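First up is the structure itself, then whatever we jot down about it.
Note that the structure is predicted; figures quoted are calculated from it, not measured. Values below: every heavy atom of this structure, side chains too, minus hydrogens, waters and symmetry copies.
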Amino acid sequence: MRERYEPNEIESTVQDEWDAAGTFVAREDPAKPKYYCLCMFPYPSGRLHMGHVRNYTIGDVLARYMRMQGFNVLQPMGWDAFGLPAENAAIENGVAPARWTRDNIAHMKGQLKSLGFGIDWSREFATCDADYYRWNQWLFLRMLERGVAYKTTGVVNWDPVDQTVLANEQVIDGRGWRTGALIEKREIPMYYLRITRYADELLAALDALPDWPERVRTMQANWIGRSDGVNLSFPYDIDGVRGELKVFTTRADTIMGVTFVAAAAGHPLAELAATRSATVRAFVDECRRGSVMEADLATMEKKGVPTGLFVRHPLTGAEVEVWVGNYVLMAYGEGAVMGVPGHDERDFAFAKKYGLPILPVIDVDGRPYSTGEWQPWYAEYGRCVHSGPYDGLDYAGATNAIAKDLEAKGLGRKQVVWRLRDWGISRQRYWGCPIPIIHCPACGDVPVPDDQLPVRLPEDLVPDGSGNPLAKTPSFLDCRCPKCGAAARRETDTMDTFVDSSWYFFRFASAGNDRAMVDERAAYWMPVDQYIGGIEHAILHLLYSRFWTRVMRDCGLTKLDEPFQRLLTQGMVLNEIWFRKPASGRIVYFNPADVEAQGEGDARRGVLRSDGRPVEYGGIGTMSKSRRNGVDPQELVDRFGADTARLFAMSNVPPEHTFEWSDEGVEGAFRFMKRVWKIVHAHVEGGPAQAVDGASLDGPQRELRRQVHQTLLKVGDDIGRRRTFNTAIAAVMELLNSLTRFADDSPPGRSVMQEALDLVVLMLAPVVPHAAQAMWRALGHPSAIVDEGWPKADAAALVRDTIEIVVQVNGRLRARVPVPAGADEAVAREAALADPGVAKFVAGQPVRKLIYVPGKLVNVVV
RNA sequence: GCGAAAGUGGCGGAAUUGGCAGACGCGCCGGAUUUAGGUUCCGGUGGGGCAACCCGUGAGAGUUCGAGUCUCUCCUUUCGCACCA
């Protein structure tokens, strides 16, 4: 063993050994319990970022730990390879997305290997492989057959200059990111997946996922958003045009307070009004401007115009004016809402702004109401007032009575609605999975027959930012109708990349099968036992995967309802943001490494090293390319080695928390590696040690051994149950501090030391596998540490004769007293009251009460 | 705007089921060794008194023998909002 810790040399040697032995190639073995450990696969953006390192280190630690626990572990890796960045790179550099993507994959695969992750590379694939995406197409066709996939229109961001559809990310302050043109909403035909058919099941099944974080289940439940309410109609007869304006409300009890209705700009009545009024026309046109993003729509100023059209209140028959509101969305519910300014904050603001009447119709808990100022409790539940026949009824009573009356008139009924909307998967983009549809002038939209799959994406096209290059490529576009044989045109839209990531975990378990989407190997490995990925995916990706799995189930491809048994959502990796904002032009960001900074919080100031001039501090935020605040993990690995990078990524912070980057922390991790290395080296220099004889140890030896086995228990619990890798590492560091102080060269002392170091190295093996392997050999073990079992703590070593309990007087800490282990209340009480420090505060007062927490604490209440 | 989470020393964080606040690491201070170092080792380190004690977990209230932990209100930060992945 070398005296100096040389990580690069150790790591490449150990990695070569793993490769040669095929250590991480997983085989289906029904005789062993399986453990499928999966990290969210990366988008091949070019280089790994710190988020990847954190994610894959967590996965690798768990995979290696479970392997030590005797499980047959599968840890695969692949590439989420379709997507927008490849097209952007193409526009910038003129390189084909396929080429760019595959180059990036090659580079990032090398980076993953250098970090020493125990991945079964034999199962690797990229979602841009036709062998993979053909099954997207195949299942899409099954969904069409089952009515799960369907076609309708949807609204997109339209850049009128580039004549192209933009992603939300490409719209900045309502303008196209390349052209600066004002964005318009445009309605186009799209394919949808009917996820709402599964809304009920997706919501109910959240209760069957106890090993998912509570916060993720809550977010999903809110996203699916079941609302129990009433659907009601406002009939109208406008110059002989008869119809009903439909709205949905969860507050039918406030129906007598309706003073207006608001319709979306795309609503038929808005269109009708626009033909009659220039003001309405102008407003409807204005509503078409801007992006389709929910956050934009929700935060913009609420505006409206009256249409001069009136509908009738379904219960009173009173005339109610129709307004067009920019905050009402055609895509939600019925495209119109009833306005109750007395009991809805948004309606109140709208009514105040436009001078509409405000009618209070709910008496909340006897508190007085007024029409003057909004109070938050106006939206609370109470009893109906000024509501005619419903006066005095509570929410449930009023809702029932009103729904009954509406139903009798044929103007409404109770209804359950979901916030969840169907999943639009059509993208007007090149670098994605082609939607397998052929447009025939005679037969219409015809599905591509299974035996013609896959519809291959040509890989040599280079997008230029104006529209989809597939639409300009006759070799792709021109085809024959599968039904009638006539000349036809291929669909040029591709699928949302969330489709690709909704079932890749099944494919890892059926790798290479070119005849079926999944096979019996998936039945062995699935479900994923532990899934790990960023909290940013808490809703969409995870919900889509849960949906897709159910569709596969209904198609007979799996028996599972849920794909992921246990979920760990890691926090984001954050770094400081530094920028300059020129008087004109775009904001410019600078990497924190290039900024000389001082002060904290609001007082934080910095100057750019290169020019010495100030830059503005933008707080901390996620590492991102656009903000240029990323840290390249490769530099870490080159300088300190993979083990230090892994150790650093796991220490200091629990995995669910956001991780704030610090350069100094890395040094601490490296220092620890050197200390472990040194103490092992120093011990080995002293020659072989004998096995521990627990009975013949002196006090300090016994105490150290107790700490060793205590630490072993804690580390196992922290990794195996709590997933708090930071506290596991801290416990080993604490133990190492004790080992450093333990200078005992006697034969029993050396035995205790040998056992301690063996266990330290085993405990560290999942986190720093390369150094652990080298130290394991040095400690005299010929085996590969990756094949060792997780050690068991020696119960005899853990026994304690006396323990210390805390004594409080009136809840305040006053003393610590030793008592025999297992002392009962009487003994503890006597020991506590005998302590002079306690007696001083009791000071002869009668003890009113005494609380005893066995083995922990006595609280004397006087 | 809506949904979710977080806030504890100079900094990252620990405190697992309501029971010792500050484990571990970074930084800083002092000392030893080295004395050109990407060193290493030892000790100290929440604040105030510098003693016994008091104060202290974003702010304010509440429940409890006991609250960082539970409840309510507020503030700040981060994530998501359906075409970034």
*Heavy-atom count around A/Glu3 CD within 6.0 Å, excluding the residue itself: above 12?*
no

_Residue A/Glu734, side-chain atoms from C-beta onward, closest of B/rG25, B/rA52, B/rA23_ = B/rA23

*Please work out if A/Leu420 contacts a base, only the sugar-phosphate, or nothing of the nucleic acid, heavy-atom cut-off 4.0 Å.*
base

*Between B/rA85, B/rC81, B/rU16, spot the one nearest the side chain of A/Leu84, thanks.*
B/rA85

*Between A/Asn222 and B/rC81, is there a side-chain N or O to OP1/OP2 distance below 4.0 Å?*
no

*Select base, sugar-phosphate, or nothing to describe what A/Trp423 touches, counting heavy atoms under 4.0 Å on all strands.*
nothing

*Quick one: sort the A/Tyr531 and A/His541 rings into parallel, tilted or perpendicular, breaks at 30° and 60°.*
tilted

_Regarding A/Val653, tell me which of base, sugar-phosphate or nothing describes its non-hydrogen contacts under 4.0 Å with the strands shown._
sugar-phosphate

*Quick one: the side chain of A/Glu660 and the base of B/rC11, do they pair up donor-acceptor inside 3.5 Å?*
no

*A/Lys714 vs B/rU16: side-chain N/O to OP1/OP2 distance below 4.0 Å*: no

*Given the P atoms of B/rG18 and B/rU69, what is the spacing between them in whole Å?*
11 Å

*Would you say B/rG19 has OP1 or OP2 under 4.0 Å from some side-chain N or O of A/Lys856?*
no

*Measure from the side chain of A/Arg639, starting at C-beta and using heavy atoms only, and say which of B/rC24, B/rG19, B/rG38 lies closest.*
B/rG38

*Taking the six-membered ring where the residue is Trp, are the ring centres of A/Trp423 and A/Tyr192 under 6.0 Å apart?*
no

*Counterpart residues, side-chain hydrogen bond (donor to acceptor under 3.5 Å, both in side chains), relative to A/Arg251 (two or more places apart)*: A/Asp253

*Take atom CG of A/Asp211 as the centre, draw a 6.0 Å sphere, and report whether it contains more than 12 heavy atoms from other residues, nucleotides or ligands.*
yes

*Where the side chain of A/Ile535 is defined as all heavy atoms beyond and including C-beta, which of B/rC53, B/rG13, B/rC79 is the nearest nucleotide?*
B/rC79

*Answer with base, sugar-phosphate or nothing: what part of the nucleic acid does A/Val156 contact at a heavy-atom distance below 4.0 Å?*
base

*How would you label the contact of A/Met190 with the nucleic acid (heavy atoms, under 4.0 Å): base, sugar-phosphate, or nothing?*
base

*Mind calculating the distance between CE (A/Met495) and P (B/rA85) to the nearest angstrom?*
15 Å

*How far, in whole Å, is B/rG62 from B/rU57 if one measures between their P atoms?*
15 Å

*If you check the A/Arg419 side chain, which of B/rG12, B/rC79, B/rA82 turns out closest?*
B/rA82

_Mutual orientation of the aromatic rings belonging to A/Trp431 and A/Phe82 [parallel < 30°, tilted 30-60°, perpendicular > 60°]_ = perpendicular

*Atom CD1 of A/Ile729 and atom P of B/rG13: how far apart are they, to the nearest Å?*
15 Å

*Measure from CZ on A/Phe547 to P on B/rA82 and round the result to the nearest Å.*
18 Å

*Side chain of A/Thr218 only, please: which of B/rA4, B/rG1, B/rC83 is the nearest?*
B/rA4

*Which part of the nucleic acid does A/Arg215 contact within heavy-atom distance under 4.0 Å: base, sugar-phosphate only, or nothing?*
sugar-phosphate

*Report the distance from atom CG of A/Asp296 to atom P of B/rC83, rounded to the nearest whole Å.*
14 Å

*Check every atom of B/rG66, B/rG1, B/rC79 against the side chain of A/Asn859 and return the nucleotide holding the closest atom.*
B/rG66

*Base, sugar-phosphate, or nothing for A/Thr299, non-hydrogen atoms under 4.0 angstrom?*
base

*When you measure from the side chain of A/Arg421, which nucleotide among B/rA85, B/rA82, B/rC65 comes out closest?*
B/rA82

*asked:* Nearest whole Å is fine: how far is B/rC84 P from A/Asn157 CG?
replied: 9 Å

*Distance under 6.0 Å and angle within 45° of ring axis: A/Arg628 vs A/Tyr589*: no

*Contact class for A/Phe498 vs. all strands (heavy atom < 4.0 Å): base, sugar-phosphate, or nothing?*
base

*Measure the distance from CZ on A/Arg814 to C1' on B/rC65 and round it to the nearest whole Å.*
14 Å

_Does A/Asn652 reach a base, just sugar-phosphate, or nothing at all? Heavy atoms under 4.0 Å._
base

*To the nearest angstrom, how far is A/Gln808 atom CD from B/rU64 atom C1'?*
13 Å

*Taking only side-chain nitrogens and oxygens of A/Thr497, does any of them come within less than 4.0 Å of OP1 or OP2 of B/rC83?*
no

*Under 4.0 Å between any heavy atoms, over every strand shown, what does A/Val806 touch: base, sugar-phosphate, or nothing? Just pick one.*
base

*Give the nucleotide from the list B/rC83, B/rC65, B/rG27 with an atom nearest to the side chain of A/Arg671.*
B/rG27

*asked:* Both atom distances under 3.5 Å, Watson-Crick or G-U wobble: I'd like the secondary structure of RNA chain B as a dot-bracket string, with | for pairs made across strands.
replied: (((((((..(((......[....)))((((((.......))))))(((....)))..(((((..]....))))))))))))....

*Is the phosphate of B/rA14, meaning OP1 or OP2, less than 4.0 Å from a side-chain N or O of A/Asn726?*
yes

*Looking at B/rG3, B/rC65, B/rC83, which one has an atom nearest to any side-chain atom of A/Val861?*
B/rC65

*In terms of ring plane angle, is the pair A/Phe648 and A/Trp661 parallel, tilted or perpendicular, where the classes change at 30° and 60°?*
perpendicular

*Quick one: CD on A/Gln570 to CD1 on A/Ile532, what's the gap to the nearest 0.5 Å?*
8.5 Å

*Between A/Arg427 and B/rC83, does any side-chain N or O lie under 4.0 Å from OP1 or OP2?*
yes

*Is A/Glu301 paired with A/Lys353 through a side-chain N to carboxylate O contact shorter than 4.0 Å?*
yes

*Within the structure shown, what part of the strands sits under 4.0 Å from A/Arg812 by heavy-atom distance: base, sugar-phosphate, or nothing?*
sugar-phosphate

*asked:* Is it true that, when you exclude A/Glu187 itself, more than 12 heavy atoms of the residues, nucleotides or ligands shown sit nearer than 6.0 Å to its CD?
replied: yes

*Return the residues of residues 673-681 of chain A meeting this criterion: a heavy atom under 4.0 Å from some atom of RNA chain B. Order them by number, or give none.*
A/Lys674, A/Arg675, A/Lys678

*asked:* Minimum heavy-atom separation for A/Arg429 and A/Leu470, please, with both atom names.
replied: O-CD1, 4.4 Å

_Between A/His657 and A/Phe82, which residue's closest nucleotide on RNA chain B lies nearer the 5′ terminus?_
A/His657

_Classify A/Ala295 by what it touches in the nucleic acid, base, sugar-phosphate, or nothing, heavy-atom distance under 4.0 Å._
base

*What do the steps show when you test A/Trp79 against A/Tyr132 for ring pair (Phe, Tyr, Trp, His ring centres under 6.0 Å), and what is the final call?*
CA-CA 11 Å; A/Trp79 308 93; A/Tyr132 179 72; over 10 Å; no

*How would you label the contact of A/Gly424 with the nucleic acid (heavy atoms, under 4.0 Å): base, sugar-phosphate, or nothing?*
sugar-phosphate

*Separation of the P atoms in B/rG9 and B/rG13, to the nearest angstrom*: 11 Å

_For atom CZ of A/Arg627 and atom P of B/rC84, their distance in whole Å_ = 15 Å

_Below 30° counts as parallel, above 60° as perpendicular, anything between as tilted: where do the rings of A/Phe350 and A/Tyr327 land?_
perpendicular

*What does A/Gly83 touch in the nucleic acid at a heavy-atom separation under 4.0 angstrom: a base, only the sugar-phosphate, or nothing?*
sugar-phosphate

